[in-house]
Peer 1: 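Attaching a single structure in structure tokens format; questions to follow.
Note that these values count all heavy atoms, side chains included, but never hydrogens, waters or copies made by symmetry.
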Amino acid sequence: ALPTPREVAPWVAAIERLWDDPELEARQRRLAQEQAGRWAPERLVERYEEFFERISDGSFTIGDRAGRS
């Protein structure tokens, strides 16, 4: 189902604000790039390796959140 005009309106308004305000757009771009870094393959590989090492050596316990950021 297609979104209604009412559902789309906030998205259009946000795009217009970003288009009209270069400083806002630059800030939002920086924030998005910082957050995207959390999913960088090299970062994920390190976290998965640490996780599986801890499982294999028995040091991981249910509910353990160590190493999360």
Side-chain angles (χ1 to χ4, degrees):
L2 293 174
T4 66
R6 185 179 201 165
E7 293 169 325
V8 173
W11 291 92
V12 172
I15 292 167
E16 289 173 343
R17 282 193 313 273
L18 292 168
W19 184 268
D20 292 338
D21 187 342
E23 291 178 16
L24 174 64
E25 187 271 336
R27 272 194 315 273
Q28 293 303 313
R29 183 177 351 102
R30 272 193 310 276
L31 289 171
Q33 289 170 336
E34 288 171 12
Q35 291 301 310
R38 296 172 54 194
W39 303 103
E42 57 276 3
R43 185 163 183 203
L44 289 178
V45 166
E46 291 172 8
R47 293 181 70 187
Y48 276 110
E49 286 175 347
E50 177 186 331
F51 172 75
F52 286 116
E53 285 172 9
R54 293 178 69 208
I55 286 176
S56 67
D57 71 12
S59 65
F60 182 84
T61 59
I62 301 299
D64 190 352
R65 299 177 60 90
R68 288 196 176 191
S69 54

Peer 1: Would a hydrophobic clustering, with Ile, Leu, Val, Met, Phe, Trp and Tyr connected at side-chain separations under 4.5 Å, put Tyr48 with Ile55?
Peer 2: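 In one cluster: yes.
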Peer 1: Just to verify, what does Gln33 make a side-chain hydrogen bond (donor to acceptor under 3.5 Å, both in side chains) with, not counting sequence neighbours?
Peer 2: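 So Gln33 forms no side-chain hydrogen bond (donor to acceptor under 3.5 Å, both in side chains) with any residue.
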Peer 1: Distance-only check: which donor-acceptor pairs under 3.5 Å involve side-chain atoms of residues 12-25, not counting sequence neighbours?
Peer 2:
from: Asp21; atom 1: OD1; to: Glu23; atom 2: N; distance (Å): 3.2
from: Asp21; atom 1: OD1; to: Leu24; atom 2: N; distance (Å): 3.1
from: Glu25; atom 1: OE1; to: Arg29; atom 2: NH2; distance (Å): 2.7
from: Glu25; atom 1: OE2; to: Arg29; atom 2: NE; distance (Å): 3.1
from: Glu25; atom 1: OE2; to: Arg29; atom 2: NH2; distance (Å): 3.3

Peer 1: Using only atom types and a distance under 3.5 Å, with no angle test, would you say the side chain of Glu7 pairs donor to acceptor with the backbone of Thr4?
Peer 2: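 Side chain of Glu7 to backbone of Thr4: a pair is present.
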Peer 1: Considering residues at least two apart in sequence or located in another chain, which fulfil the ring-ring contact (aromatic ring centres under 6.0 Å, His included) criterion with Phe51?
Peer 2: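 Partners of Phe51 under the ring-ring contact (aromatic ring centres under 6.0 Å, His included) test: Phe60.
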